[in-house]
Structures are given as structure tokens and as C-alpha cells.
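Here's the structure we're looking at; comments come further down.
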Amino acid sequence: MYPVKSVNHVPGCSDLMPEHQNHLWIQADRPGLYRGQCAEYCGTQHAHMAFYVVALPEEEFDQWVANRREARAEPAAEELSHGQQVFVASGCGACHGITDLSKATETGPDLTHLGSRLTLGAGTIANTQENLGAFIRDPHQFKPGLLMPATSIQPDDLDALVAYLMSLE
């Protein structure tokens, strides 16, 4: 059996009951990429709620865990620093957390390691710079009914924001 890392945050993938914490265990008998699918009706986007699990050999898994525990570095490049400023000024942190920058909320997924995710929108589209920019501009074209509003960030600011978010590995 191999340790497993989940590369997508999957809110609501099990029964949601107030004041009750759920745990999900996945057994992988060999390293690899495994796809999961939401199995309970949970709302408008039920059919679009997928997740991926990456099973790693123990040494690689331990390194992955150690990397996740490291403090988030401040962006060194000017574009990434500008993107971080756009994240803050645009109010993205009201719904999305990034470690040491904005608090995690129950509204939107934590984006601390967004750049390492395989997909966006709970498995709806591949996590690429182009797709992330399109998702930020109009998320409803990919996942109608989600809570995130469309945004009208200026193109240069959007490019910097996308570069910053993709740098978060």
C-alpha cells in the first residue's frame, strides 16, 4: 500500500453534517494517478465534481508532506509580486485562503498550492494558465451555479494574478 496525496481540495465529497468531521480513506496498491467522482447528489454541480489522487512511494510522499509544511515564500519576481497585490486588492482573499496571506474560509477552496493541482473547478478543466485566466474572468462558463462571481480585472493585472497563482506549488 502506498501513501496517498490528494492534489485537489474536494469540499462536500461526503455527507455534510453540522459539527461532524468526516474522514475519507483511499487505499492505493501501487503508485499512480487515480480519479474519483462525487457519488452523492450535492447540488447543481454534482456531475462536475471530480478529484484526483496521486499515490507515491513513501519517500516521495514524505518529501511532498515536508514541502507542504514549509513557509510560503514571498514572490521574488515583479510580476508575481504584482499578482499577489492584485489578489489582495481584488478581494479574492474574502473567499480564498493562501497560507500567510489570507485566512482559509468555508466559501471557496484554499489556493495555497493551486499551481500544483491538475484541475480547476473540482475536476472540470485542466489547470493551465489559459484556463485559470478564463475561469477567473467567467467561472460560470465552466461551472454554472457556483458562488464565485465573474470578475473584470484588467488584462495586465489578470496575467499577473494568474502567474502568481500558478507559482503557488
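For the single chain, residues carry numbers from 1 onward in sequence order. Heavy-atom basis, side chains included; hydrogens, waters and symmetry copies ignored.
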Just verifying a value: how many Å separate [X] [atom1] and [Y] [atom2], rounded to the nearest 0.5 Å?
| X | Y | atom1 | atom2 | value |
| --- | --- | --- | --- | --- |
| Leu114 | Ser167 | CG | OG | 9.5 Å |
| Leu165 | His113 | CG | NE2 | 13.0 Å |
| Phe142 | Thr124 | CZ | OG1 | 9.0 Å |
| Gln63 | Leu56 | CD | CG | 11.0 Å |
| Ile153 | Asp159 | CD1 | CG | 10.5 Å |
| Asp100 | Thr112 | CG | OG1 | 8.0 Å |

Within the 4.5 Å heavy-atom criterion, are [X] and [Y] side-chain neighbours or not?
| X | Y | answer |
| --- | --- | --- |
| His82 | Asp157 | yes |
| Met166 | Asn127 | yes |
| Met148 | His96 | yes |
| Leu161 | Ser90 | no |
| Arg117 | Leu111 | yes |

For residues [X] and [Y], report the shortest heavy-atom separation together with the two atoms involved.
| X | Y | result |
| --- | --- | --- |
| His140 | Leu146 | CE1-O, 2.9 Å |
| Phe87 | Ser102 | CE2-OG, 3.7 Å |
| Pro75 | Tyr164 | CG-CE1, 4.0 Å |
| Pro139 | Ala150 | CD-CA, 3.8 Å |

Heavy-atom neighbours of Asp156 CG exceed 12 at 6.0 Å: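 Atom CG in Asp156 is not packed in, count stays at 12 or less.
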
Quick one, Arg35 with Thr119, criterion side chain to side chain donor-acceptor pair (under 3.5 Å). Give me CA distance, side-chain angles, the key distance, then yes/no. CA-CA 11 Å; Arg35 185 182 185 281; Thr119 64; over 6 Å; no

